[in-house]
Number of protein chains: 4
Amino acid sequence: MARGINKVILIGNLGVDPETRYSPNGAAVTNIRLATTESWRDKQSGEQQEKTEWHRVVCFGKLAEIAGEYLRKGSKVYIEGRLQTRKWQGQDGQDRYTTEIVANDMQMLDGRGEGMGGGGGGGNRSQNAPKKDQSETAPMDDGGFDDDIPF
Amino acid sequence: MARGINKVILIGNLGVDPETRYSPNGAAVTNIRLATTESWRDKQSGEQQEKTEWHRVVCFGKLAEIAGEYLRKGSKVYIEGRLQTRKWQGQDGQDRYTTEIVANDMQMLDGRGEGMGGGGGGGNRSQNAPKKDQSETAPMDDGGFDDDIPF
Amino acid sequence: MARGINKVILIGNLGVDPETRYSPNGAAVTNIRLATTESWRDKQSGEQQEKTEWHRVVCFGKLAEIAGEYLRKGSKVYIEGRLQTRKWQGQDGQDRYTTEIVANDMQMLDGRGEGMGGGGGGGNRSQNAPKKDQSETAPMDDGGFDDDIPF
Amino acid sequence: MARGINKVILIGNLGVDPETRYSPNGAAVTNIRLATTESWRDKQSGEQQEKTEWHRVVCFGKLAEIAGEYLRKGSKVYIEGRLQTRKWQGQDGQDRYTTEIVANDMQMLDGRGEGMGGGGGGGNRSQNAPKKDQSETAPMDDGGFDDDIPF
DNA sequence: TTTT
DNA sequence: TTTT
């Protein structure tokens, strides 16, 4: 059982092409550099301000393969995952820490990932597929505005 | 592949005990009534305001069993799920629609669910377990503040 | 103070053009019909399955104006908000309930909203602008991979 | 306008008491070390596994004051914020990077924060207070299960 | 119907 | 009603 929630949701653009490597057992690992930009008008100067944050995202397995195949520098993407901080040794022998987002869901947002669904899944989202138990329920069949509902 | 994101995150308290039923094939279905309360100070009157929203949450399978066993009226719980609107027929034969949150993760937040982990899982969270590929990474081993880092 | 969390995150497409109305005091209210589609391969039949969920989103104030001006039928959009269930009376005098997402953030995701930033804000996101206290911090200035970091 | 989403949601426990400092202009800054723990049953060994992730959370202003006053080592808390990576110089003159969660919402989850609401707000959540435009809408007034709704 |  |  999990004791805690550790969830990250990002929408941003890739700064470089993704890098895919394979572990000895053949599992794919894809690293992504993702930019999220905030802009706002400064209250004092009245000028438009902008700040970009860069994120390290890592994908494993099937998600890594899809990311490596369909994402490119500039791609806009939705990423859901969890924070993880890795410890490593710098060349000077000192400990360093790097925080990454370990992705467990991904969606392309710029229409360049047309073939993505073909291989059978855009992430570890099987838990989101409607369960058999719910199969008797039906979605609303009417997307228009209902005059019957007073706003 | 999913084309869209449909995600709900709730933290609230149960208004009544959960209700568990079993489908013909033996799968559990648990319904929960969850209250989320917002309060704020009104800018005009300066008075404290409060508003409670009631949510219908439905859990299936293993999650339904855990919810039925460990949650009670008053329990504080974290729910993650997706929105789903069901169509049904009122006694007058007219269509009605009910929107529910179909849970795919749950966590008790008031310490009454101590035994929860025993049975093997607090939801459909297997995708969040660290993957084998990451097993070489180590968590930071120190929860204290690092004097080395200037704030 | 809030006692509870009530958060919804959606990415989907508009089924119809947004509808904007103005309250007596001149404040805009915009209603949106948003589709989120899930698709998955059925484990038993092996066939591709698909299910679309329709959401009612309502925006107020500045966000309503932006939504009404920039969104159109087919637009892909990110919505963040909270669930709210309204009670209303059907023509038969009976109570009905409609659940909506009250938006507090919105982002266009298909590049058709280029001019959106001009008016000064894409939502109630002022709390997300970097605060003055943080202004001494600098973002990482390099979106590339760092050879120094072993993966 | 924002171009991107950068959102973190954490539920965890403080590893140490929060540390509050004041900037020259009197604004509070509070640093928090937060642990989120995942546990799962290993499929191969069948043994229970556990992994704790430590997060650095920083709060500013009013939120910093509340965090400093009400949170303690061991407190369970909900944090919502955004990722930010700061660059700093190690004693060896080399660049280091530290990733933090800049909080913009917080909620105590263990009942020790009884007096929290008194001072007027548990975070930058004013945007979540029901807006005047919505004041004509009423919440559902019935939290019980409705026999009328067939499950 | 919950909770603080 | 959308979208891929």
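Naming convention: chains lettered A, B, ... in sequence-line order (proteins, then strands); numbering from 1 in each chain. Note that these values count all heavy atoms, side chains included, but never hydrogens, waters or copies made by symmetry.
- Rounded to whole Å, the distance from OH on D:Y78 to P on E:dT3 is 22 Å.
- With hydrogens and angles ignored, a donor-acceptor pair under 3.5 angstrom links the side chain of C:T52 to the base of F:dT2.
- For the pair C:W54 CH2 and F:dT3 P, the computed distance is 9 Å after rounding to whole Å.
- Between B:R33 atom CZ and E:dT2 atom C1' the separation is 11 Å, expressed in whole Å.
- Per the geometry, CZ belonging to C:R72 stands 14 Å off P belonging to F:dT3, to the nearest Å.
- In terms of modelled atom types and a separation under 3.5 Å, the side chain of C:E53 and the main chain of C:T37 share no donor-acceptor contact.
- Between the P atom of F:dT3 and the CG atom of C:N13 lies a distance of 6 Å, rounded to the nearest Å.
- Pairing each heavy atom of A:I11 with each of A:Y78, the nearest pair is CG1-CD1, 3.9 Å.
- One can place CG of B:L109 at 12 Å from C1' of E:dT3, the figure rounded to the nearest angstrom.
- Side chains of B:V29 and B:V58 form a contact here, defined as non-hydrogen atoms less than 4.5 Å apart.
- In this structure, B:N6 atom CG and F:dT3 atom C1' are separated by 15 Å, rounded to whole Å.
- Looking only at side-chain heavy atoms (C-beta outward), C:E38 and C:E50 stay at 4.5 Å or farther from each other.
- Atom-to-atom, NZ of B:K76 to P of E:dT2 comes out at 14 Å; the value is rounded to the nearest Å.
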